[in-house]
2 protein chains.
Amino acid sequence: MPRRPPALSVEPPRATIADVARAAGVHPSTVSRALNPDTRAMVTDAVAVRVAEAAEQLGWRPSMLAAGLRTRRSRTIGILVPDLVNPVFPPIVHAAEVRLAEAGYATLVANTDNDPDREAMMIERMAGHLVDGLMLASAAKGSQAVDLCRRRRIPTVLINRRLPGAEFSAVTNDDRHGMALAVEHLVALGHRRIAHLAGPSGISTAVDRRSGFRSAVRAAGLDPDLMPIMAADAYTIEAGRCAMERLLELGGFTAVAVANDLLALGAYDALGAAGLRVGPDVSVTGFNDMPFVDRISPPLTTIRIQHAEMGGRAAGLLLAAITEPATSRTDILLQPKLVVRHSTAAPEA
Amino acid sequence: MPRRPPALSVEPPRATIADVARAAGVHPSTVSRALNPDTRAMVTDAVAVRVAEAAEQLGWRPSMLAAGLRTRRSRTIGILVPDLVNPVFPPIVHAAEVRLAEAGYATLVANTDNDPDREAMMIERMAGHLVDGLMLASAAKGSQAVDLCRRRRIPTVLINRRLPGAEFSAVTNDDRHGMALAVEHLVALGHRRIAHLAGPSGISTAVDRRSGFRSAVRAAGLDPDLMPIMAADAYTIEAGRCAMERLLELGGFTAVAVANDLLALGAYDALGAAGLRVGPDVSVTGFNDMPFVDRISPPLTTIRIQHAEMGGRAAGLLLAAITEPATSRTDILLQPKLVVRHSTAAPEA
DNA sequence: TTGTAGGCGTTATCAA
DNA sequence: TTGATAACGCCTACAA
């Protein structure tokens, strides 16, 4: 008795253009033309239909790989983020994805974990996969990312973080102004001794927010050199806690302007551990307005950046760079705004 | 006077193995062998050195693409998540990345946005990029993902969500038991009328938690048919708010066991809008213990899943599936546990 | 309009 | 150990 093949049979090896050609009784090149939307016009309708049917029949799928080997394009964009666990990034990535999808591009995300070596590796990898463009949210001093992209001629845009010498377009926040907003808010509440919990050196957001802090303090008629400043060594809650602890040892402030929301959460922890209430005892401002900081206790007063705008604009710039490689660099500076919640209050009399 | 080339010159087209061969005075195959770590042993040291120098000199970089065309491997793994903005996923992804990196695999993440079409597209795309394996966190009823992976013979593991008929290994949580933990906690506090805010049908976590809810209610000696149940149509805050509003119209409960943390946040909103205090007036439990729910107000009592364990174990299973394709399917059921915070309390007398 | 031939950059399989 | 040759799957001149 003949056995029937099992229901969940594994298919034979992928059909290729050659297989389709054989089935349709035409030459492989004809199949290539018939199956490629851009060249279908070169082929008789009758042939096109016959080929399409054969392809359908055989379950032919284009191999982007083989195609890419010739065309060197993949309609895929890579996005490198320094830390996927940081909730600022997903909304930015998502906005970019939406915009890129509209233009027919798929998006692949890679996590560099703030490690320049991993970053370089992922760029190599993405380049190897022939991404048509790259969005770098992971830029940091000492990273060779930009150089790699330039050498490999990968259209690239920087997001969220600037990089001094880079010749790529960038979409960033006006970090100096954002931090000024925070300082002005604290000063308006009556604070005169304001600490700054800075981000890791080497990252533009940290540098700019820090210099923005000093300028704003000076603009308020205070002496920046009197304000305690402590840099965290990563944009993480833990690093924020450590830095805040050291700031507390220094003392001499009634408010602290923190360089980002994750660090601010760490500051909450250190303050809490020291028996201080955020708001009534010490005012805290964050930066980013990342998801959920409006729901924490106390709700964080912070500087809201335009997440969606950032992703969307960066995607637009990248698409432009891809279709018009000669286009000169464009920088977009997004304006953040202050969102007052309950982590800030007037200093105690 | 001869002009020097500009400092930031764009490099000539990439050197290929053929170029290196020419420079080193050997055959391209020899270069291939000398440059490939796995085959270096086949070549004299002298030759290997000479080839390596020539390659270095010319700035040769391997083309994964061309190599993949032959080997059909890329040492790259794809992870599909339904929603990157949901903070449960990044920790899982990260744990997987770490494990995979140890094994020499790079990880590419794609966002399906809970859209089966996008999911299928991304799988095609990843397959086209020759990923060596896939981790699917996006499984849902009606998705053709599993079928696609099977047909394309892509080693695959399911994470977080089961899929009824799938023949792939899976790492999931004991969702039924987890929800029982929540119900038992509420019953122990004295609640007798407990609502369930369920997740979207078609997703295993929603289905299992819902059935776990009913079983646990029955096990507590209560009648599940008396408990109001309302399903949200997505795992989002907004959907949670809507569902909670409808639950409030039904009324007749002092506590609500919610299917996930994001939905619970939505429930917080609806409850707040109705003038009810979470905790004192209505108890709320979540599920996942995603980042930050310990810091919201009030801190959420929830069911903690093993994020890191899940990512790591899934990566291990996938690596096994890749190296040992014949291995039979393995299912790992991770045990969640109850974390009591302040969103639950005894019902008012 | 269709077929032919060559190549994209690498690796596998022979034979030398 | 090394070299020669032929794929891998597709695309593009160019020729017919």
Side-chain angles (χ1 to χ4, degrees), chain A residues 12-52 54-55 58-75 124-125 127-130 152-153, chain B residues 12-52 54-55 58-76 124-125 127-130 132 152-153:
Chain A
R14 281 260 296 292
T16 75
I17 276 197
D19 299 325
V20 177
R22 216 168 299 124
V26 294
H27 193 274
S29 2
T30 306
V31 174
S32 171
R33 290 191 270 257
L35 259 20
N36 184 334
D38 299 341
T39 48
R40 173 161 312 144
M42 299 179 179
V43 146
T44 331
D45 279 1
V47 172
V49 169
R50 197 145 44 94
V51 168
L58 295 171
W60 176 84
R61 312 262 106 209
S63 158
M64 319 207 65
L65 191 77
L69 197 53
R70 292 269 326 155
T71 63
R72 315 207 56 86
R73 280 182 289 100
S74 66
R75 294 198 82 73
E124 290 286 352
R125 197 67 65 132
H129 286 310
L130 279 192
R152 290 196 162 241
R153 293 205 197 75
Chain B
R14 281 259 297 290
T16 74
I17 277 195
D19 300 325
V20 178
R22 218 168 297 124
V26 293
H27 194 274
S29 343
T30 306
V31 174
S32 171
R33 290 191 272 256
L35 259 21
N36 184 332
D38 299 340
T39 49
R40 174 162 310 145
M42 299 178 179
V43 147
T44 331
D45 279 1
V47 173
V49 168
R50 196 146 44 96
V51 168
L58 296 171
W60 175 84
R61 313 259 106 210
S63 160
M64 320 205 62
L65 192 77
L69 195 55
R70 289 272 327 156
T71 63
R72 312 209 56 84
R73 281 181 290 100
S74 65
R75 297 198 79 75
T76 302
E124 291 286 354
R125 198 67 66 134
H129 286 310
L130 277 192
D132 295 344
R152 290 197 161 239
R153 293 206 197 77

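Numbers restart at 1 for each chain; the letters A, B, ... are given by sequence-line order, proteins then strands.
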From CG of B:Leu35 over to P of D:dT2, roughly how many Å is that when rounded to an integer? 14 Å

Main-chain N/O of A:Met42 paired to A:Arg33 side chain as donor or acceptor, under 3.5 Å: no

Is a donor-acceptor pair below 3.5 Å formed from side chain A:Arg70 to base D:dC11, judging by atom type as modelled? yes

A:Thr30 near the nucleic acid: base, sugar-phosphate alone, or nothing, with a heavy-atom cut-off under 4.0 Å? sugar-phosphate

Checking all strands, does B:Pro62 fall into the base, sugar-phosphate, or nothing category for heavy-atom contacts under 4.0 angstrom? sugar-phosphate

Residue pairs passing the salt bridge (charged side-chain N to carboxylate O under 4.0 Å, His left out) test with at least one member in residues 36-45 of chain B, sequence neighbours excluded, are none

Can you tell me how far P of C:dT1 sits from CZ of A:Arg40, to the nearest Å? 15 Å

Just how far, in rounded Å, is C1' of D:dG9 from CZ of A:Arg22? 13 Å

Rounded distance in Å - CZ (B:Arg33) to P (C:dT11): 11 Å

Between B:Ser63 (side chain) and B:Ala66 (backbone), is there a donor-acceptor pair under 3.5 Å? yes

Pick the nucleotide of DNA chain C nearest each of A:His27 and A:Thr44; which residue has the one closer to the 5' end? A:Thr44

Regarding A:Arg61, tell me which of base, sugar-phosphate or nothing describes its non-hydrogen contacts under 4.0 Å with the strands shown. sugar-phosphate

Of B:Val43 and B:Ala66, the one whose closest DNA chain D nucleotide lies more 5': B:Val43

Between D:dG9 atom P and A:Leu58 atom CG, what is the distance in whole Å? 14 Å

Please classify the nucleic acid contact of B:Ser29 as base, sugar-phosphate, or nothing, using heavy-atom distances under 4.0 Å. base

Rounded to whole Å, the CG-P distance (B:Leu69 to C:dA12) equals 12 Å

Quickly work out the B:Met42 CE to C:dT11 P distance and round it to whole Å. 12 Å

OP1 or OP2 of D:dC11 versus the side-chain N and O atoms of A:Ser32: is any pair under 4.0 Å? yes

Quiz item: B:Arg72 side-chain donor-acceptor pair to D:dG9 base, under 3.5 Å: no

Nearest whole angstrom, please: distance from the C1' of D:dG9 to the CG of B:Leu65. 11 Å

Quick one: does any side-chain atom of A:Thr71 pair with a main-chain N or O of A:Ala67 as donor and acceptor, under 3.5 Å? yes

Under 4.0 Å between a side-chain N/O of B:Asn36 and OP1 or OP2 of C:dT11, yes or no? yes

Measure from the side-chain N and O atoms of B:Thr76 to the backbone N and O of B:Ser74, and report whether any donor-acceptor pair falls under 3.5 Å. yes

